[in-house]
Engineer: 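Structure provided below as C-alpha cells; questions to follow.
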Amino acid sequence: MKRPWSLKTKLTGAMIAIVLLTVALISLTANVVIGRQFKAYLSRQQRAHAQSIAANVESQYDGERWDMDSIHGIGMYALSQGYIVKAYDGENRVLWDAEACDMHSCMRVMGQITARMKSQSPQGRFAWQDIPMVRDGSPIGYVSVHSYGPYFLSEEDASFLGTLNAILYSIGALALLLSALAGILWARRISRPIHSAALAVEQIAGGQYTALMKETTGTRELDALTQAVNRLASSILQQENLRKQLTADVAHELRTPLTTLQTHLEAMLLGLWQPTPERLQSNLDEVARVGNIVSDLEKLASADSGAMQLRRAPTRLKRLALDAVGSFEAEIQRKELEVRVSGPEVEAWADPDRITQVLGNLLSNAVKYTPQKGKVSIELAREADSAFLRVRDNGVGIAPQDLPLIFERFYRADPSRNRDTGGSGIGLAIVQTLVQAHGGAVKAESVPGEGSCFEVRLPLGQGSIGDNRS
Ligand code: ADP
C-alpha cells in the first residue's frame with residue numbers, strides 16, 4: 001500500500017500551494033486588468049503626444065512664414081521620443097521631413113522600438129497618422145506622425161517596467177521562500193504533538209504508562225489531545241494497579257482461610273486433633289468465608305458485566321429499608337444500636353432485589369463500623385426528579401485520604417481493623433456498580449471519629465414524578 005503523506009508535508013505543501021496560487025492570481029490580475037488599463041493609457045498618451053507635436057508645429061506659423069528652425073527642433077525632439085514627423089504646408093508641400101533630415105536616426109529609432117515591442121505587442125506596427133493644422137479657422141497644412149501603434153514603450157518606460165517586473169518577481173520568490181519556511185515551522189509545531197501523542201499511545205499500548213506528554217503547544221485542540229492522552233495513560237495505570245491489587249487481594253483473602261483449613265484437616269488426618277464438633281464448625285466457618293468471598297466476586301462480576309439485567313419496577317424504598325433493618329436484627333440487638341428509618345415513602349424506578357443488595361451492603365457497613373450502643377439511621381427523601389436514600393451512622397468514620405477510594409474494589413480503609421470485621425472491600429464497589437446501572441449515583445461523607453453518611457440517588461418511580469405530596 002502507498003505510504004500516506006506526513007502531516008508536515010501536507011501542511012507545507014498546502015501553504016506553498018496557497019502562496020503560488022496567490023502569486024499567480026496577482027500576476028494574472030496585474031497582467032489582464034492593470035496591463036489592459038496601462039496599454040489603453042499608453043495609447044491615449046501616444047495620440048495626445050502626436051496631437052501636441054502637431055500643435056507645436058502649428059504654432060510655428062505666424063500667418064506668413066513658418067519658423068523652420070523651431071520646426072526642426074520639434075521634429076528632432078519628437079524623433080528622440082520615437083515619433084517620425086513630416087510636416088506639410090497648406091499647399092501640400094513638405095515643410096520638414098525627419099527621414100529626409102536624418103534617415104539614419106529614423107531607421108535606428110524604428111529598429112529599436114520594433115525590437116523592444118516585439119515581445120510586448122507583437123501584433124503592433126508602425127503607422128502614419130495625419131493631423132491637420134488650422135489657423136483662425138482655415139487649414140494651414142498637416143503633420144504626419146509615424147509611430148508604433150497602438151502603443152509603444154520608450155526606453156525609460158521599458159526600463160521602468162522591467163524594474164517593476166523584477167521587483168514583483170523578487171517579491172513572489174521571497175513570499176514563496178518565506179511561506180515554505182513558515183509552512184515547515186508551522187507544520188512542525190502542529191505535527192510534533194500529534195506525533196508524540198501517537199508515540200505515547202503506542203507506549204501505552206506497550207504497557208508503559210509513565211511516558212506522559214509534557215508539551216504545551218499553545219493550540220487549544222492540541223493541548224486537549226495531549227491532556228487526553230495523559231489522562232488515558234493515568235487512568236489505564238490506575239486500572240492496571242487496581243487489577244494487580246485485586247489479584248493480590250483475592251489471592252490473599254483466599255489463602256488465609258485455605259491455610260487454616262489445610263492445617264486443621266492435616267492435624268485431624270494425622271490424628272493430632274480429634275475432629276470435635278467445635279473444630280469441624282470452625283472449619284465450616286472457614287469454608288463459608290471462602291464461599292462469601294467467591295460469592296462477593298460473583299456479584300461484582302455480574303454487576304460489572306454489561307449483561308446485567310435490571311428488572312425495574314416502581315420500588316418503595318422505605319419498605320425495602322425497613323426490611324433491610326429487619327434482616328440485621330440480630331447484629332443490631334447484639335450491639336445495642338439505635339436504628340431509625342425516617343422520611344416519606346419514596347418510589348424509585350429500580351430493581352428491588354438490587355436495591356435490597358445496596359441497602360444490605362450499606363447497612364452492614366454502618367452496623368459493622370459503629371461501636372456498641374451507636375446510632376444508625378436510614379433517611380428517605382425526594383428532591384427534584386430523584387429519590388434519595390441516606391444511610392448515616394455515628395461510627396468510626398473514614399479518613400479524608402481514604403474517602404475517595406472506598407468505592408474501589410478490595411479497598412479497605414484500615415485493613416488490620418477490617419480483617420477483624422471480616423470485610424473484603426467489595427461491598428461498596430458492588431453498591432456503586434448497581435446504583436450506576438440504575439442511572440443513579442452514590443457518594444460518601446464522613447468525619448473520622450464522628451460518623452459517616454452514604455447518599456444514594458436513584459431515578460424516581462414513573463408514577464411519582466411531578467407528585468410532591470409525600
Ligand atoms: P468491607 O467489606 O471491607 O466493608 P466495603 O467496600 O463495604 O468493604 O467498604 C470499604 C471500606 O470503606 C471499608 O473497609 C471501611 O474501611 C470503609 N467503610 C465503609 N463503610 C463505612 C462506614 N459506615 N464507616 C466507616 N468506614 C466505612
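In what follows, residues are counted from 1 in the order of the sequence shown. Read the numbers this way: they start at 1 and go in the same order the structure lists the ligands and their atoms.
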Engineer: Compare Asp393, Leu405, Leu362 and give the one whose heavy atom is closest to atom 23 (N) of ligand 1.
Structural biologist: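 Checking each option, the heavy atom nearest atom 23 (N) of ligand 1 is found in Asp393.
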Engineer: In ligand 1, which numbered atoms sit nearer than 4.0 Å to a non-hydrogen atom of Lys368?
Structural biologist: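 Here the atoms of ligand 1 in question are 1 (P), 2 (O), 4 (O).
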Engineer: Is it the side chain (CB and beyond), the backbone, both or neither of Phe454 that lies under 4.0 Å from ligand 1, heavy atoms counted?
Structural biologist: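 Just the side chain.
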Engineer: Taking all atoms of both residues into account, what is the closest heavy-atom pair of Leu222 and Arg189, and its distance?
Structural biologist: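 Answer, listing the atom of Leu222 first, then Arg189: CD1-O, 4.3 Å.
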Engineer: Ignoring hydrogens and angles, write down the donor-acceptor pairs under 3.5 Å from the side chains of residues 263-271, residues two or more places apart or on other chains.
Structural biologist:
residue, atom, partner, partner atom, Å
Thr263, OG1, Thr259, O, 2.9
Thr263, OG1, Thr260, O, 2.8
His264, ND1, Asn283, OD1, 2.8
Glu266, OE2, Gln262, NE2, 3.4

Engineer: In ligand 1, which numbered atoms sit nearer than 4.0 Å to a non-hydrogen atom of Ile406?
Structural biologist: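 Those of ligand 1 that fall under 4.0 Å from Ile406 are 10 (C), 12 (O).
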Engineer: List the steps, then state whether side-chain hydrogen bond (donor to acceptor under 3.5 Å, both in side chains) holds for Gln357 with Asp353.
Structural biologist: CA-CA 6 Å; Gln357 210 175 334; Asp353 290 342; over 6 Å; no
Engineer: Is a salt bridge present between Glu286 and Arg279, judged by a nitrogen-to-oxygen distance below 4.0 Å?
Structural biologist: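 Salt bridge: no.
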Engineer: Apply the test side-chain contact (heavy atoms from CB on, under 4.5 Å) to residues Lys375 and Val339: give CA-CA distance (whole Å), side-chain angles for both, the deciding distance (0.1 Å), then the verdict.
Structural biologist: CA-CA 6 Å; Lys375 284 185 191 161; Val339 180; over 6 Å; no
Engineer: Go through ligand 1 atom by atom and flag the ones less than 4.0 Å from a non-hydrogen atom of Ser452.
Structural biologist: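 The atoms of ligand 1 under 4.0 Å from a heavy atom of Ser452 are 22 (C), 24 (N), 25 (C).
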Engineer: So, 4.0 Å and heavy atoms of Ile398: is ligand 1 close enough to count as a contact?
Structural biologist: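 Yes, that is the case, since the closest heavy atom of the residue is under 4.0 Å from the ligand.
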Engineer: Below 4.0 Å from any atom of ligand 1, is there a heavy atom belonging to Gly395?
Structural biologist: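 No, that is not the case, since the closest heavy atom of the residue is not under 4.0 Å from the ligand.
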Engineer: I need the minimum non-hydrogen distance between Ala321 and Val341, along with the two atoms involved.
Structural biologist: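 The answer is CB-CG1, 4.0 Å.
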Engineer: Give the atoms of ligand 1, by number and element, whose distance to some non-hydrogen atom of Ile426 is under 4.0 Å.
Structural biologist: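 Near Ile426, meaning under 4.0 Å from one of its heavy atoms, ligand 1 has 6 (O), 8 (O).
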Engineer: Between Phe126 and Tyr83, does the ring-ring contact (aromatic ring centres under 6.0 Å, His included) criterion hold? Intermediate values first, please.
Structural biologist: CA-CA 10 Å; Phe126 272 92; Tyr83 299 88; 9.6 Å; no
Engineer: Is Leu428 in polar range of ligand 1, meaning some N or O pair under 3.5 Å apart?
Structural biologist: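 Between Leu428 and ligand 1 (N or O atoms, distance only) the closest approach is under 3.5 Å.
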